[in-house]
There are 2 protein chains.
Amino acid sequence: MSKIQHRNLYREVADRILDLIEQGELASGDRIPERELCERFGVSRTPLREALKVLASEGSVELLPNRGARVRQLTLKMVKDTYDLMGALEGLAGELACQHITDEKIAEIRELHGSLLGHYRSRELADYFRVNRQIHEGILAASHNEALLEMYSNLSQRVKRVRYSKQMTDAFWQQAVEDHQAMIEALEQRDGRRLGQILRDHLSNKLEVASMDDAIDDRQRA
Amino acid sequence: MSKIQHRNLYREVADRILDLIEQGELASGDRIPERELCERFGVSRTPLREALKVLASEGSVELLPNRGARVRQLTLKMVKDTYDLMGALEGLAGELACQHITDEKIAEIRELHGSLLGHYRSRELADYFRVNRQIHEGILAASHNEALLEMYSNLSQRVKRVRYSKQMTDAFWQQAVEDHQAMIEALEQRDGRRLGQILRDHLSNKLEVASMDDAIDDRQRA
DNA sequence: CAAAGTTATTATGAATTCAAAATTCCATCC
DNA sequence: GGATGGAATTTTGAATTCATAATAACTTTG
């Protein structure tokens with residue numbers, strides 16, 4: 001299943017720039033210094049600039065003609081829009097998953113769900129988030145729609161650098177768990193229509209947006 | 001509303017390569033000859049290769065390390081997957097449109113719908129398709145979700161080169177028109193949930209896939 | 001002292017160059 | 001005659017170079 005290592009230099013460079021953005025070393029709106037990064041990565045400007053163009057088309061970077069590259073500003077609206085999109089994609093993934101998923105995969109997800117409930121009961125937030133992600137990734141993978149997976153991972157890359165306030169009210173959390181209960185049931189009944197609806201409405205996205213540190217908001221406009 | 005002309009050379013070149021692909025001058029799976037295109041466009045290899053990398057990240061082109069670029073093969077499955085995705089995006093657009101759209105815009109779409117009915121009654125297929133597209137674009141635009149628009153246009157770019165058999169059975173056509181009738185009603189009632197559902201199920205996508213010339217199918221594997 | 005104009009410096013856009021990999025072509029061998 | 005091996009050629013990947021646009025620094029002037 002693992003892809004052939006397409007180790008193009010420009011892709012390597014692009015990933016390292018994404019790391020810098022994610023780590024916050026390059027902050028939102030920052031100018032991206034070509035020369036400096038070239039020295040740092042030990043490459044010439046050619047692959048670095050190729051990387052920047054690809055990152056621009058992926059939405060993480062902005063290119064101003066004759067004025068260089070910048071880390072794309074994340075406004076609150078952009079993040080909300082992105083989460084709406086991801087919700088729609090998850091919804092589709094749910095519908096498709098019900099058509100294609102094997103019983104084995106359902107069993108795997110059922111098991112993850114059990115684990116999720118455990119972490120919920122013992123209030124292990126980090127573990128809960130990890131398993132939650134695994135469940136959603138499992139459903140996405142079960143859609144067997146390559147284009148969907150690609151788009152989803154691109155979108156999630158875009159908002160990766162957003163930091164959320166880690167507090168989760170108990171009411172929200174309980175609702176999220178109930179959603180997950182309904183998901184599993186819909187999945188086991190292979191009720192795609194219902195699973196899709198649940199995933200589109202699933203509040204985890206909205207929750208994350210709601211609890212989002214509003215540091216990313218519009219005040220950063222230089 | 002019109003964007004500033006970011007006329008980077010690489011983007012210009014990329015668009016021209018897309019034209020060649022769309023026109024069929026570069027066929028599915030064809031190797032893309034760097035040197036030749038450079039001469040043809042009168043540019044050096046640098047912007048051309050930048051363009052190829054961007055096109056690869058957009059999904060129209062495939063990059064094989066040390067073995068050049070090729071026009072990405074479209075399999076039937078890829079096209080189906082893409083239409084599924086576009087349906088999901090239109091569904092989301094419908095939901096969002098109901099939240100954001102102005103009465104003026106609704107009136108415009110209502111008018112287009114009237115025109116659509118006219119073309120249906122007089123069986124003007126080309127005009128029907130044109131107005132159909134305008135309606136869908138209107139709903140997409142009314143979503144006011146930039147990321148959605150960008151992604152949708154990227155997806156539609158990917159499948160642009162598919163040629164459909166232009167026959168449309170009367171039963172299909174009638175169903176499509178009925179869908180449109182329901183769309184308008186949901187939109188005017190601002191019933192996002194319903195409009196979303198209609199757009200996701202709207203058979204125009206499935207129809208197009210069904211009537212797709214299967215020349216794109218897997219037989220092209222070299 | 002501030003504003004405007006001018007020059008110097010730096011950064012970007014694109015062409016060119018160079019090294020390495022892949023492909024082609026041809027000779028040789030079985 | 002087909003397969004194998006090995007130069008010659010072509011193509012790709014990446015660094016370097018060159019021209020131009022943008023920015024910074026510095027005068028000059030009101």
Side-chain angles (χ1 to χ4, degrees), chain A residues 3-21 25-73 221-222, chain B residues 3-21 25-73 221-222:
Chain A
K3 289 236 170 134
I4 306 125
Q5 289 230 341
H6 286 283
R7 282 293 103 217
N8 299 64
L9 187 51
Y10 83 96
R11 189 64 258 183
E12 198 98 32
V13 170
D15 289 341
R16 291 195 60 180
I17 294 174
L18 284 176
D19 284 345
L20 293 181
I21 294 172
E25 192 162 338
L26 290 171
S28 207
D30 271 10
R31 185 169 190 161
I32 298 176
E34 279 187 16
R35 173 169 301 285
E36 193 182 311
L37 290 186
C38 284
E39 286 169 19
R40 179 154 172 183
F41 298 156
V43 300
S44 77
R45 279 177 63 220
T46 306
L48 191 116
R49 303 181 87 249
E50 289 170 346
L52 289 175
K53 281 170 179 74
V54 169
L55 292 178
S57 97
E58 290 176 3
S60 295
V61 154
E62 213 171 5
L63 295 177
L64 308 170
N66 289 317
R67 303 189 58 190
R70 288 164 186 280
V71 179
R72 191 166 177 198
Q73 294 266 18
R221 288 188 189 139
Chain B
K3 289 235 168 135
I4 306 125
Q5 288 231 341
H6 286 285
R7 283 294 103 215
N8 299 65
L9 187 52
Y10 83 95
R11 191 63 257 182
E12 199 97 32
V13 171
D15 289 341
R16 292 196 59 181
I17 294 174
L18 284 177
D19 284 344
L20 293 181
I21 293 173
E25 192 163 337
L26 290 170
S28 205
D30 271 9
R31 185 170 189 160
I32 299 176
E34 280 187 16
R35 176 165 300 284
E36 193 183 312
L37 289 185
C38 284
E39 285 169 21
R40 179 156 174 182
F41 298 155
V43 300
S44 76
R45 282 176 60 220
T46 306
L48 190 117
R49 304 182 86 251
E50 289 169 347
L52 289 175
K53 280 167 181 75
V54 169
L55 291 179
S57 97
E58 289 175 4
S60 294
V61 154
E62 212 173 7
L63 255 31
L64 308 170
N66 289 317
R67 304 190 56 192
R70 287 162 187 280
V71 179
R72 191 167 177 197
Q73 294 267 18
R221 288 185 190 143

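Per chain, numbering begins at 1; letters A, B, ... match sequence-line order. We use all heavy atoms of the structure for the numbers below, so side chains are in, but hydrogens, waters and symmetry mates are not.
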When rounded to whole Å, the CG to P distance for the pair A/Leu63 and D/dA21 reads 19 Å
In whole angstroms, the gap separating C1' of D/dT12 from CD of B/Glu36 amounts to 16 Å
Residue pair B/Glu50/B/Arg31 against DNA chain C: nearer the 5' end by closest nucleotide is B/Glu50
Separation of C/dT23 atom P from B/Glu34 atom CD, nearest Å, is 14 Å
note: B/Leu52, atom CG; D/dT11, atom P; distance rounded to Å ~ 15 Å
Whole-Å distance, A/Leu9 CG to C/dA19 P, equals 18 Å
**Prompt:** Does the C/dG13 base have a donor-acceptor partner in the side chain of A/Arg45 within less than 3.5 Å?
**Reply:** yes
A/Lys53 NZ to C/dA14 C1', in whole Å, measures 10 Å
By nearest-heavy-atom nucleotide on DNA chain C, the more 5' of A/Gly68 and B/Ser44 is A/Gly68
Result for 5'-nearest mapping on DNA chain D, choosing between A/Asn66 and A/Tyr10, is A/Tyr10
Here the pair of heavy atoms bringing B/Leu18 nearest to B/Arg11 is CD1-NH2, 4.1 Å
### Task
Report yes if the side chains of B/Glu50 and A/Arg49 come closer than 4.5 Å at any heavy-atom pair, otherwise no.
yes
Per side-chain contact (heavy atoms from CB on, under 4.5 Å), A/Leu52 is matched among A/Ile17, A/Val13, A/Leu37 by A/Ile17
When rounded to whole Å, the CG to C1' distance for the pair A/Leu48 and C/dA14 reads 16 Å
| field | Under-4.0 Å side-chain N/O to phosphate OP1/OP2 contact, B/Arg49 with C/dA15 | value | no
note: B/Arg67, atom CZ; D/dT11, atom P; distance rounded to Å ~ 14 Å
Worksheet entry | Worked verdict on A/Val43 versus A/Arg16 for side-chain contact (heavy atoms from CB on, under 4.5 Å) | CA-CA 12 Å; A/Val43 300; A/Arg16 291 195 60 180; over 6 Å; no
> Touch check for A/Arg35, heavy atoms < 4.0 angstrom, all strands: base, sugar-phosphate only, or nothing?
Replying inline: sugar-phosphate
Q: Step by step, work out the side-chain contact (heavy atoms from CB on, under 4.5 Å) result for B/Gln73 and B/Ser28.
A: CA-CA 5 Å; B/Gln73 294 267 18; B/Ser28 205; 3.5 Å; yes
